[in-house]
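Every chain is numbered from 1 and lettered A, B, ... according to where its sequence line falls, protein lines coming before strand lines.
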Amino acid sequence: MDDQIRHVLAEHARLAVDVGDVGDDADLYQAGMTSHASVNVMLALEDAFDIEFPEHMLRKRTFESVANIRTALQELRNGSG
Amino acid sequence: MADGEGDEGTMAQRVRVGTDITAIPDVIASIERFGDRYLDRLFTEHERASCAGPPEVAAAGLAARFAAKEAVVKVLRPAGARPAWRSIEVRRAPSGACDLALTGEAARLASEAGVTDLGVSLTHEGNIAVAVVVALHDDPPPCG
């Protein structure tokens, strides 16, 4: 899962640093991801994992770090999102 | 009126300002990559209709509207979930003047913040679109 998340981030997050150098808990917005880029990340994650983020998960915090994205995806896959 | 000087116990009004900037080529790329899923997630039918025209022209209008939505979020200052993008709508009058219409979570946040009026200004030049939003909100008098 983490490899897919990082692949999506590499393609869409427009980070100012290499995604491989970003720690699991590092703030992706601090690393250069704009609000608009986070929309692309959200849509690309939906494609990659065949899920749809519900409105209540569309908070800045959901896409703030690799760890937070992983948690959100796990919640959606477990049906608790 | 900002920082009103009304009678004791009356509600003063204060101003919040939000601004945001969006790169127009990013919007074009997102439309090319995600198509209607991108457009439907972010923009209302009215907004899409307001931005009809050649792709570059449409993208400039949409980029300005995305900036406006982000600027509204900045003035609403949500503590938790952010409002859905479509719950913040840029309404364009036939004259070209634009206003904001909030529904759902955005309207609830505005009500909680005591927002009584919102104004928006959009502009774009070259590859950049910008929006500025001004909100008037009630500032309750201090307790005691």
Q: Determine which residues belonging to residues 16-26 of chain A lie within contact range of chain B, meaning some heavy atom pair is under 4.5 Å apart, and list them by number or answer 'none'.
A: none
Would you enumerate the inter-chain donor-acceptor pairs between chain A and chain B whose distance is below 3.5 Å?
residue, atom, partner, partner atom, Å
A:Arg14, NH1, B:Asp26, OD1, 2.8
A:Arg14, NH1, B:Asp26, OD2, 3.3
A:Ser35, OG, B:Glu70, OE1, 2.9
A:His36, NE2, B:Tyr38, OH, 2.6
A:Asn40, OD1, B:Ser30, OG, 2.7
A:Asn40, ND2, B:Ser30, OG, 3.0
A:Leu43, O, B:Arg37, NH2, 3.2
A:Glu46, OE1, B:Arg37, NH2, 2.9
A:Glu46, OE1, B:Arg41, NH1, 3.1
A:Glu46, OE2, B:Arg41, NH1, 3.0
A:Glu46, OE2, B:Arg41, NH2, 3.1
A:Asp47, OD1, B:Arg37, NH1, 2.6
A:Asp47, OD2, B:Arg37, NH1, 3.2
A:Phe53, O, B:Arg41, NH2, 2.6

Could you state whether [X] and [Y] fall into the same hydrophobic cluster, counting links through intermediate Ile, Leu, Val, Met, Phe, Trp or Tyr residues with side-chain heavy atoms under 4.5 angstrom apart?
X       : Y       : answer
A:Val41 : B:Phe66 : yes
A:Ile51 : A:Val66 : yes
A:Phe53 : B:Phe34 : yes
B:Val90 : A:Val39 : no
A:Met42 : A:Met1  : yes

Q.
Under 4.5 Å from any heavy atom of chain A, what part of B:Val73 do you find: side chain, backbone, both or neither?
A.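 Nothing of B:Val73, per the 4.5 Å heavy-atom cut-off to chain A.
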Q: Measure A:Ala44 against the heavy atoms of chain B and call it side chain, backbone, both or neither at under 4.5 Å.
A: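 Contact with chain B: backbone and side chain both.
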